Structures are given as structure tokens and as C-alpha cells.
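Because only heavy atoms are used, hydrogens play no part in the values below, and waters and symmetry mates are left out as well, while side chains stay in. Just so it is clear, the model here is predicted, and its values are computed rather than measured. Naming: A, B, ... by sequence-line order, numbering from 1 per chain.
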Amino acid sequence: MWCVNIVSSMSDLEHTGQRAINTVYAGLGRRYAAERRFRLYGMLAVLSGLAFLVVMFTSIISNGYSAFRQHYVQLTVEYDESRVDRNEPAASDFEGIVKSSMREMFPWMSGRSDKRKLYGLVSGDAAYAIRDRVGDNPSLIGSREALWVLLDDDADMFFKGYVTPVRRQLMSSGITLALEGEKAVLTGDEAAFEVIVTAVRDHLQAQLAVARKEFEDMGRLLEETEAGGDRDEVVRFKAKLESLRMQISGLQARISSTSLNEELGSGMPSFLINLDGVYIRINAITATGVSGVVFAEDVTGLPTIFDQWQLVTLEMPPADRRLSDKEIVVLLALQDRGQVESRFNSVFFTAGDSREPEQSGILGALKGSMYMLIVTLLLSFPIGVAAAVYLEEFAPQNQWTDFIEVNINNLAAVPSIVFGLLGLAVFINFFGLPRSAPLVGGLALTLMTLPTIIISGRAALKSIPPSIREAALGIGASRVQTVFYHVLPLALPGMLTGTIIGMAQALGESAPLLMIGMVAFVVDVPQGFTDPATVLPVQIYLWADSPERAFVERTSAAIMVLLGFLITMNALAVVLRKRFERRW
Amino acid sequence: MVTAEELAYGMERESVAKGPLEIFEGGGQVVTDRDDRQTVGEPFVDNPRVSARNVNVYYDEKHAIHDVSLDLGENEVLAMIGPSGCGKSTFLRCLNRMNDTVASCRVTGKINFDGEDINSPKIDVVPLRAQVGMVFQKPNPFPKSIYENIAFGARIHGLARHRYELDEIVEGSLQRAGLWDEVKDRLEQPGTGLSGGQQQRLCIARTIAVSPEVILMDEPCSALDPIATAKIEELIDELRKQFTIAIVTHSMQQAARVSQRTAYFHLGDLIEAGDTKTVFTTPRHRLTEDYITGRFG
């Protein structure tokens, strides 16, 4: 570095010469170091900002991208005349059609609760889809066709991999199938079931570790209690310790035995064996093989010896997931038959909110936000610009205008919920406007946005050089002409920037809407300014608050839509600013 | 007869050679006391176009101009000179009430234009400024096209009813400002894209486009190079035939070259006014002499 060289050579000079330049050189190194340091800090600040941004976007996108696709199932729908009323199709039993279609496909789901589970795999929307289909084509009545309908959100989550990790392994060591009523017994050599055996051993090991830990803790507790001298407690702890010792020795014996003989409980991963499309859920592991339940109606035609078979491991234990093994077998079977398809999630963009995640969409909130912003823009932009122009160009400079200016600046700092209260008191209670309406929301947000627009508008007007005003006044333009022909067009880009900032603020605001009833579960897509509506941030909040897993991805997707909306608005502002921008 | 340039360059030597002025050869009063702030010379003319009487200007408490009385003759160029802060620009801005835009500024006294006091509340500044145009120190074209720059004034005053009339005004003004040949092919381009000298001539063209009777120029050449300055000076000489012009300048040479009459301001007082040649060759006030001989200012 050249400056370092200079510094080192200059420090010699300092002793000999008294020239000012020597002092300058002596300080130079420090100056450049400070500069480099400052630049480093700046870069660090920018980089850490960027890093946070990347983290945020990665998190949102990785959580939300899957919401843009939705799984559909193909049902064979029979428009049975006993179910569909020709004269009044709307009153028909469409749910029954869906149910019978599912029943036909999976007759082995026969118990009451099994049937309920089976029907629950298809969205409630399927019945409406069939109704619409028949309504559009009454000629279908009496015939049957294959129809794609929405899957339930849990089933959709399963196919998206959120319910349990699914591992499929192709096994090529032969096994033999023997049926004993409901029970299927599979026998094979050691290698065939090694995966299952290892998993069971691991599970037992984990249980052992837990028991040992508990044993140690209990031992310590016992020592302490003995020192304390509480007789009853000591007796109780000793008994507990004894039972734990038994449990540990039992577990040790089970693990070390050469031939495992274990039941597979609901705390363990599920193992499914797929024999040419017939699924067997493993319940127990024995010395010779495994035994389990067959999930199929008719297995009489099955061969008894399989050279190749598939082991499907559902790694999340059934106790910890929303779908039982049976339901998952149904879904896997549907997938094997090619009756499940992932499609673009158009429902998300065309529906309003719903309690059912697969039927819920963002359109209601998007339109609500749009209507509200239109009201806000139409009111706050003209009023804000007019106020800024008047205060900056026409108002006399006196205490009154100072007072107004101070108050406008204060208004900009008022917590937004206060504007909600004001909106409730004035617009709803006094003027009697409807609750939950974008009109009232827009009015309340206008109050909130006005100070921002006025302040930025005044700043924009102040930045116009007075020479432009003098030029216009000097050739006899009136003040209004000066302002409207020359000053305002030049200040407009700055005013637009302020307006867009205000609008973006309004778009992301939910607190003022609490009070006027826009933080609500609104199913219908609003069709006008006075329809009940909600807005994007509120929708995000409501979904984030819902327990269903499918709403988690929809929350992130809604955030993406909100950000997209914002970016579009900002892009528009940049375009407008560029259009109006003039240099002088 | 000496030319303006010779006058401008020659006067210093002449004055210095004479030493302190104690005897005024042309007759009349000679003021040697630097503290005497009475106006000497001939501030008044016959048939003035604008006549200011006892004008005082205050910025809040500051008394910026003291009791100035001065006439602008028909079709003459009046140069106002003086050191910085002497009030010459402030006085100029009184003549078309541009000081109205300064909130703290207060003007008293009478300024007669067309037989009326322009400071009276009856007077509307819009027509006043249409008659008394102004060219500013820094070229300030509108950030619009060259055409729009000129057309704006004519349009707001309703001087043109049709497009062709407007075209005529634009062309005529640009021609008189000597800018037509340079910009006729790019009338739609922004006026701010021109060079400094061209911008200033555009501003002059913009001012004459509304056909004023008086043009006020506030140091129109101070931001320009000598070549552009020469062009503007030629233009001023040309415009004198039709307009009455008051020009504030820091350059005594320029005052000598372009003006017929000169007024010397000093710290808010009008010290001396009179024929340019007289003021420069035989100043009657000690302060004027000090200034034009370069002893201060």
C-alpha cells in the first residue's frame, strides 16, 4: 500500500524537518485507516441487511411455494338417477355420490370410523364440483365419468411430504406369504426384514436410554430424600427404583435376544409391505419373519411367494401424525393407480377465506385490500397534495400555520390504532357507515396516510428552486399559474414517492382495522366498497393463527402475494416518477 | 467622442492621474466627505418611464434601502452599480414588486409607472409584471421545451389565440434575442439543455415575448463567459430601441459599455446618478470615485 510506505518514510522526516507537510503525512495513515474502517462498517451493515433479507425470503418462499400447487384425486363418479334429481339437481345428494365412489374403490375400509376417515380424504368441495358439473351438463345424469376433485388438506399435506417422510425401498430377497384370516404372516431370511429389525432394536435402545436416565435421576432423588429423613417418600422412591430396574433388565434382555419377538406399537415408525399393490401393515416381528394386517378386500388371488417387494417406511410414528396408516395406505394406493395429480392451485387465487384450507383463497383479502387502497388513494392524494400546496405556496407564515405544521407532524407519529378508534367513533357510530367495509377502512387509513403525504409533499415543494417560481412570476404569471404550470409538475415525483410510501404503509396496516370490524373471518369475496371484507395482512394473521398444517404454507403464500402487491406498487411509483421527472 | 470600451478602460488612468477630486471642472457640487449620503448628480430626467420617490426597503428590522429617488428614462439603459449588498438588486426588484415574494420585505415610498403608484393596493401585480419584465442573475429557463419556455408567457396573458400566432411570437422573440438561428431546429428540446449564454438569451426572449415596456436585468451576465457576455451586451443595446432597461451589474466596464445613465449605490444609499460618461469620467462624489477607480468594492 502506497500510503503505508509514505507513512513509514515520513516518520523519519518528522525528526529532521518542521514543514507542515510532514505533520500531514504523519497523520495520513490514521486518516486512511479511519476511512477503510468506515467503509468496512458500511459494507458490513449492507451485508448483514442483505443476509437478513435473504433469510426472510428463503424462509417465506421455502414455506410457501408448495401452496401454489394442490393435489387432486380422480373419482369415478356415477350420476345415479336415484341420487340426482332431474327436476331439481341442486337438492341432490352429491356427498353420497362422492362417498359411494370412494367406497367402491376401497371396500376394505368398512368400519364406521374407517368409512369416516375414507370420506374425509376427499375435500368437501368435491360435492360442489359434482353439483356444478351436473348443473352445467344435465345430460350426464344416468351416466358415469372420471372426475378430478380436490383432496382434503391433510391428504394434500401427505403428498407434499409434510405428514411423514416416506421411504420406499425395493427388496429383492424372497419372502413367503401365508394368510391366517385377517392376519398375514410373512417369512423370509434374515436379510429380508433387516431394516425392520434394526429399526425395532433402535427403538428399544432409545427406550432403554430413557429408562436409564430416569433410573439415575431417581437414584439421586432417593439419596437426597434419605438424607432428609422422610420415611414414606423413601419407600415410594425405592419401589419406583425397583420397577425401573426391572424395566431396564427387561429391555436389555429383549435387545440382546437373538430372535426378536416384538409388537410394533404406535410410538414406532410404520412399516408397510407392498406386494404388487396390496399393502400389509406390519404389526409384529417374530423369529421367522413378520406378521401384519392386509389392507385389501380380496387377497385370495395373491401368489404366496414374492421375489421382489417394496418396503414402505412411514418414519413419523402414527401417534405423532394426523393420518393413520390406513388413510395413508388409501392415498398410496390412489397414487399407485395414477389417480392423484398435483395441479396449479387456482383455488388459492379465486376463492375467499374458508375454514377448510384446501378451499380457502386469497382473492377476498386481495380485493378487500384493493378496494380499501382505492378509497385511501382517492381521498388522501388530492387532499394531501392540496394541503401541501396551500401550506407551502399560499399560506401566510404566522403562528397559525406553525401550529398546523406542528400538529401535522405530530399526527404522523400517532399510533395507528388511534385512527381505528377515531374511525369507529366518527364513521361508524356517527355517520352510520357499515362495519367491516373497505370504505370505512379506507377512510380510517386516509387519516393515517394524510400526514405522510402532506409532509413529503411539502418537502418536495421546498426542494423546487425558487428561481423557477421567480421566472414564472417575473413574466406575470399569477401564483396559481406558477404553482400549477411549473412548481407542481416538478414536485410531483417527490409527492408520488411520499404517496406510495403512505400507501404501502396503509397496505400493511391491520391495527386501525381492528376497531372497524375488518379483522374478521369473511368468506365472500367483496364485490364493492361497502361489502364486508378483510385485507391481506389480516388474512395472513388469521391463517397464521389456524392450527391446520395446510394454513402454514398458505400463510407464507399470502405473504408472498402481499409482497408481490407491494413490489408492484413500488414499481409503478418508480415508473411514474421516471415519467414525470425533469431536470433543470 | 470616445466609445464605451475606451471609456471603460480609460477612466481609471484618467481618474488616478487627477488625484483626489476637489475641483469639478464641469461645474456644480463636489462632495468629498465620505459620510455625506445625499444623492448627487442628475437622478431625475424629463418624461421618465418609471420614477421612484423616497423608496425605503426593510427586511424585518434591517433598513436595506434609504430614501432612494431615481428615474428611468424612456428607451434608455440605466445601469446600477455598487459594491455587494448595496441594495441595487433590492431596488431593481421593487420596480416590478418581486419583493412581494419575500415575506419579511416591506417597501415604502412611491414608484410611479404609467402615472400610478405601483405599490398602491389597487395595482395588480400580474399586469404590472407583464409590463415590467425581469431577467435574473442565474439563467432560469423552465425545465420544458424551448418553445414552451417562450410560449408560456404569451399563453397565460392570452396574447395568442391561434397556434400560428404563438409560433410567430416564439420566432419573433427568439430572433430579437439573437437565438433563433441557434435553436430553430430544436425548439422541442428542453431549454435547460442549452449553454449558459444561450439559456440567458432564452430568458431574455421569454421576457420580451410578453411585450413588456420595461425590462429589469439583475446581473444578467455574472454567470456567463466573456463571449456570451458580449452577445448579451449587443442584445441589450439592440433592445434599447424598443424597451426601457434597468440593469444591475458588478462590472463597471459593462455599465460603461451598455448604459446611457448610471446610478451608484452604496450601503443602501443612492450616492450618485447621472449620465454614464459623466459618472465615470468626472464623478462628483468621493465614494463614487473610490469605487470606479477600484479603491474598494
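Chain A is approached within less than 4.5 Å, heavy atom to heavy atom, by no residue from residues 242-251 of chain B. Heavy-atom neighbours of chain A within the stretch residues 145-170 of chain B, taken at a separation under 4.5 angstrom, comprise B/Phe152, B/Gly153, B/Ile156, B/His157.
In this structure, no portion of B/Arg97 lies under 4.5 Å from any heavy atom of chain A. B/Val132 touches chain A through its backbone: at least one of N, CA, C or O sits under 4.5 Å from a heavy atom, while the side chain does not. Residue contact with chain B, scored on non-hydrogen atoms closer than 4.5 Å, is absent for A/Gln397. Residue contact with chain A, scored on non-hydrogen atoms closer than 4.5 Å, is absent for B/Val125.
The heavy-atom pair separating A/Ile468 from B/Pro141 by the smallest distance is CD1-O, 4.0 Å. The nearest pair of heavy atoms linking A/Ile475 to B/Thr207 is CG2-CA, 4.0 Å.
Note: B/Arg129 leads B/Arg129, B/Met134, B/Gln137, B/Met98 in heavy-atom pairs under 4.5 Å with chain A.
For OH of B/Tyr59, the number of neighbouring non-hydrogen atoms (other residues, nucleotides, ligands) closer than 6.0 Å is greater than 12. The environment of CZ in A/Phe403 is sparse: at most 12 heavy-atom neighbours from other residues, nucleotides or ligands sit within 6.0 Å.
Salt bridge annotation for A/Glu470-B/Arg93: present, with a cationic side-chain nitrogen under 4.0 angstrom from a carboxylate oxygen.
Taking CZ of A/Arg469 as the start and CG of B/Asn140 as the end, the distance is 12.5 Å to the nearest 0.5 Å.
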